[in-house]
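Just so you know, these numbers come straight off a predicted model, no measurement behind them. Residue numbering restarts at 1 for every chain, and letters A, B, ... go by the order of the sequence lines.
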There are 2 protein chains.
Amino acid sequence: MSTIKDVAKYTGLSIATISKYINGGNVLEENRVIIKEAIEKLDYRRNEMARGLKTNKTMTIGILIPSLENIFFTSIVSIIEDHLSKEGYGTIICDFREDADLEQVKLEFLVNKNIDGIIMVSYGADQKYIKALQDKQVPVILLDRMLRGLECDCVLADNLNASYQAVEALITRQHKRIGIILGPEETYTAEERSRGYIRVHEDYDVRIDNALMVSTDYTVEGGYKALSDLWNKPDRPSAVMVTNYEMTIGAIMAINDLNIRVPDELSIIGFDNIQMSKVVRPPLSIVEQPMKEIGMTAAKLLVKRLKGDYDSFPATYRLKTNIYIKESVAKFQG
Amino acid sequence: MSTIKDVAKYTGLSIATISKYINGGNVLEENRVIIKEAIEKLDYRRNEMARGLKTNKTMTIGILIPSLENIFFTSIVSIIEDHLSKEGYGTIICDFREDADLEQVKLEFLVNKNIDGIIMVSYGADQKYIKALQDKQVPVILLDRMLRGLECDCVLADNLNASYQAVEALITRQHKRIGIILGPEETYTAEERSRGYIRVHEDYDVRIDNALMVSTDYTVEGGYKALSDLWNKPDRPSAVMVTNYEMTIGAIMAINDLNIRVPDELSIIGFDNIQMSKVVRPPLSIVEQPMKEIGMTAAKLLVKRLKGDYDSFPATYRLKTNIYIKESVAKFQG
DNA sequence: TTTTGAGAGCGAAACGTTTCGCGCTGGAGG
DNA sequence: CCTCCAGCGCGAAACGTTTCGCTCTCAAAA
C-alpha cells in the first residue's frame with residue numbers, strides 16, 4: 001500500500017502539497033497533472049485512520065435499531081445508508097434485539113468506535129449517555145420515538161393522527177365498539193397512538209370501553225394473544241386496529257385460527273407493511289408510515305448537524321402517515 | 001477526552017506500561033490497581049484510530065447485501081452483527097439495491113474504509129477486486145451464492161436439495177405438471193434450484209415441460225407475472241413452487257387476483273419466510289433456508305480467517321434447508 | 001525601478017497508539 | 001557471596017496524515 005510519502009517522492013513535491021491536492025486545495029495545474037498520474041500509478045489511497053487521527057473524525061455514523069428483522073426499521077436504514085454513503089460516511093449498524101440492556105451495550109460499543117454521529121431508535125437508553133454524546137458535539141438523531149425530558153433532534157411519524165384517522169374511518173362506518181392493540185404502555189409511540197384513539201372517540205362522542213384498549217409488546221405473539229383476547233370477550237368489538245407490523249401479523253394469524261370472517265364479523269386495520277395488504281384475503285386496510293421520508297429526513301438532518309449547523313435545535317419532524325382502506329373494513333351491520 | 005498519556009501521568013508509570021495493561025500484558029498487581037483506578041477516574045477510552053494506525057486494523061467488517069428490505073438477508077446480517085460485535089468488530093453494512101453497478105461502488109466504498117474483512121452477497125462484482133482483497137490478506141466470505149471461477153470461502157443453503165425436496169413432495173402427491181418460478185438464469189442460486197427440479201423429475205421419471213420452468217427476476221412483480229403466465233397457459237400446471245420470498249409474495253397476490261382456489265386448483269410451495277405460512281389461507285407450504293445457521297457459520301468462519309487460520313481454504317458450507325408442507329399442497333386429483 | 005502581495009510549495013510538529021530493545025530488580029541456584 | 005534469569009518497566013521510534021507558519025517567486029501596481 002502506498003502512502004502520501006510515496007506520491008511525494010514520485011512527483012518530487014512535498015507531502016504537504018500532496019495533502020493539499022487531495023483535500024482540494026490550490027495546486028498548480030502542472031503539478032495537479034503529475035500528482036494525479038502518481039496517485040493512479042501507485043494506486044494510492046488515503047489512509048482513513050491516519051486522517052482520522054489528525055482530524056478526529058471517523059467518517060462513520062452509528063445506527064442503532066431494535067431489530068434488523070423488522071422491515072419498518074430496515075427500510076428506513078436502507079435510505080439512510082444510501083444517503084450517508086454518498087456523503088462519504090460509513091454506517092455501523094447495530095441491532096439490540098428489542099432488549100434495553102443490550103441497547104445500552106451496543107450504544108457504548110458504537111461510542112467506543114468513535115462515531116461522528118448517531119441515529120437511533122431508543123427503547124430507554126441511559127439519557128446521560130446521550131447527553132454526554134451531545135456535549136461532545138456528536139449529533140444524535142432519535143428515530144420513531146422521542147425520549148421524555150431530553151432535548152434531541154427527532155424524526156417520527158405523526159402517530160396521533162395515524163390512529164386518529166384509522167379509528168375515524170371505522171367510526172364513520174358506524175362502528176361503536178372498536179378495539180385497539182397497542183404496544184407497551186411506557187413507550188412513546190404507544191402512548192401517542194392511544195391518544196389518537198381517545199381523541200377521535202371524544203370528537204365523535206363515542207363512548208370508550210377501556211377493555212377494548214389492550215397493551216402488549218410489539219411482537220407477533222403479542223398481537224396474536226391480544227386479538228384472541230378481544231375476540232373472546234363477552235362483548236366483543238366489531239372492529240380492531242393494530243398498531244404495528246409484527247402485531248398485525250399476529251392478529252391475522254389469530255383471525256385465521258379462530259376462523260373469524262373478515263369483514264363480516266370483524267373489520268380490521270393493520271400497520272406498516274403495504275405489501276401485506278395484498279397478500280391476505282380480503283385485502284387488508286393499512287396505515288403506512290412514510291419510511292422513505294423518515295429515513296431521508298433523518299439523514300439530511302444529521303448531515304446538517306455534522307456540518308455544524310445547529311439551526312432550530314432541537315428539531316422535531318413529525319411526518320404524515322398514509323391510510324389505505326381496503327375490503328377488510330366494512331360498514332357495521334347493527 | 002483523556003489519552004494514554006494522561007493515564008501515564010496520573011499513575012506515574014510510562015505510556016508503554018499502560019499500553020501493556022490495556023492489551024492484557026503482564027503488569028504488577030499493584031500497578032494494575034492504580035491503572036484501573038486512573039482509567040476509570042479519567043474516563044479513558046482507547047482511541048481506535050491511533051490504534052488502527054499502528055496495527056493496521058480497523059476492527060471493522062464490511063457487509064454487502066443486495067437489499068436491506070429483504071428479510072432473508074437482514075436475518076442473516078442480524079446474527080452476523082451480533083456475533084462480530086461480541087468479538088469487538090463493528091460492521092459497516094451496505095445495501096446495493098439489487099444493482100450490480102452500485103454493488104461495485106459500494107464495494108469500493110467499503111474497501112476505502114479499510115475494512116478488516118468482508119462478508120458479501122455478490123451479484124457480479126468485479127472478481128479482480130475481490131482477488132485484490134484476498135491478496136491483501138483481507139478475508140472475503142461469500143454468502144448465498146458462489147462466484148464462478150473464484151477461490152473463495154462461501155456459506156450458502158443447499159439449494160439443489162431444497163428444490164429437489166419441494167418438488168419431490170409434489171411428485172409423490174401425484175402431480176405431473178409442476179411449475180417452478182426461478183430467479184434470473186445467470187444467477188448461481190437460480191441455476192442450482194433449477195438443477196434440483198430437473199434431477200427429481202429424472203429420478204422419478206417424470207417428463208419435464210420446459211414451458212413450466214419460468215425465469216424472472218427475484219422481485220414481487222416478477223413473481224406476480226410469472227404465476228399469472230403459468231396460470232394462463234393452455235396446459236397449466238397443477239402445482240407450482242416459488243424460489244424466493246419476494247416472488248412468493250407476488251405469486252400469492254396473483255393467486256388472489258385470479259381467484260385461484262388453493263389447493264384445489266393449484267398446489268403451491270413458497271420460500272424463505274416461515275411467518276408467511278401462517279398469515280395466508282390456506283397455510284402456505286414453505287421451504288425455509290437456515291438463516292441463523294448461515295449467519296453464524298459465516299461469522300465464525302470470518303473470525304477464524306481474521307485470526308490467520310486459513311485451514312481448508314477455500315471452504316464451502318452448504319447448509320440444509322427445512323421444508324414445511326402445509327395445506328397449500330394437496331394430492332393431485334386427476 | 002522598486003514595492004507589494006497573492007499564490008504556491010515546504011518543513012516540521014502533532015494526533016494517540018504499539019512495539020522493539022534495553023535496563024533494572026530481586027530471588028533462586030550454585 | 002556471586003551469577004543468572006525472569007519479570008517488569010521505560011524511552012523512543014514509527015504508523016500516515018493534516019496543518020501552521022514560513023519562504024520563494026512573479027506579476028501588477030506605484
Nearest-nucleotide pick for B:N31, side chain only, options being C:dA8, C:dT18, D:dG9: D:dG9
Cation-pi, B:Y310 ring and B:R305 (6.0 angstrom, 45 degrees): yes
Per A:A16 side chain, nearest of listed nucleotides C:dC10, C:dT18, C:dT17: C:dC10
Atom-to-atom span, NZ of B:K5 to P of D:dG11 - whole angstrom: 13 Å
SB check B:K106 A:E81 (cutoff 4.0 Å): yes
Value in whole Å for how far the C1' atom of D:dC15 lies from CD of B:E48: 16 Å
Closest nucleotide among D:dG9, D:dG16, C:dT18 to the A:L53 side chain: D:dG16
Carboxylate-amine/guanidinium proximity below 4.0 Å for B:D158 and B:R318: no
Of the listed nucleotides C:dG16, D:dG9, D:dT17, the one nearest the side chain of B:V27: D:dG9
Touch class at under 4.0 angstrom, heavy-atom based, for B:Y21 against every strand present: nothing
Atom-to-atom span, CG of A:D6 to C1' of D:dC15 - whole angstrom: 13 Å
Between D:dA14 (C1') and A:N47 (CG): distance, integer Å: 13 Å
Closest nucleotide among D:dC8, D:dT17, C:dT17 to the B:L28 side chain: D:dC8
From D:dT17, D:dC10, C:dT17, nucleotide with atom closest to B:T17 side chain: D:dC10
For atom CD1 of A:I15 and atom C1' of D:dG21, their distance in whole Å: 17 Å
5' precedence on DNA chain D between B:A50 and B:G12 (nearest-nucleotide basis): B:G12
Salt-bridge criterion met for A:K131 and A:D135 (N-O under 4.0 Å): no
Carboxylate-amine/guanidinium proximity below 4.0 Å for A:E40 and A:R45: no
Phosphate OP1/OP2 of C:dA8 contacted by A:N26 side-chain N/O (<4.0 Å): yes
Rounded interatomic separation in angstrom, taking CZ from B:R46 and P from C:dT19: 11 Å
No-H, no-angle donor-acceptor pair, A:K54 side chain to D:dG16 base, under 3.5 Å: no
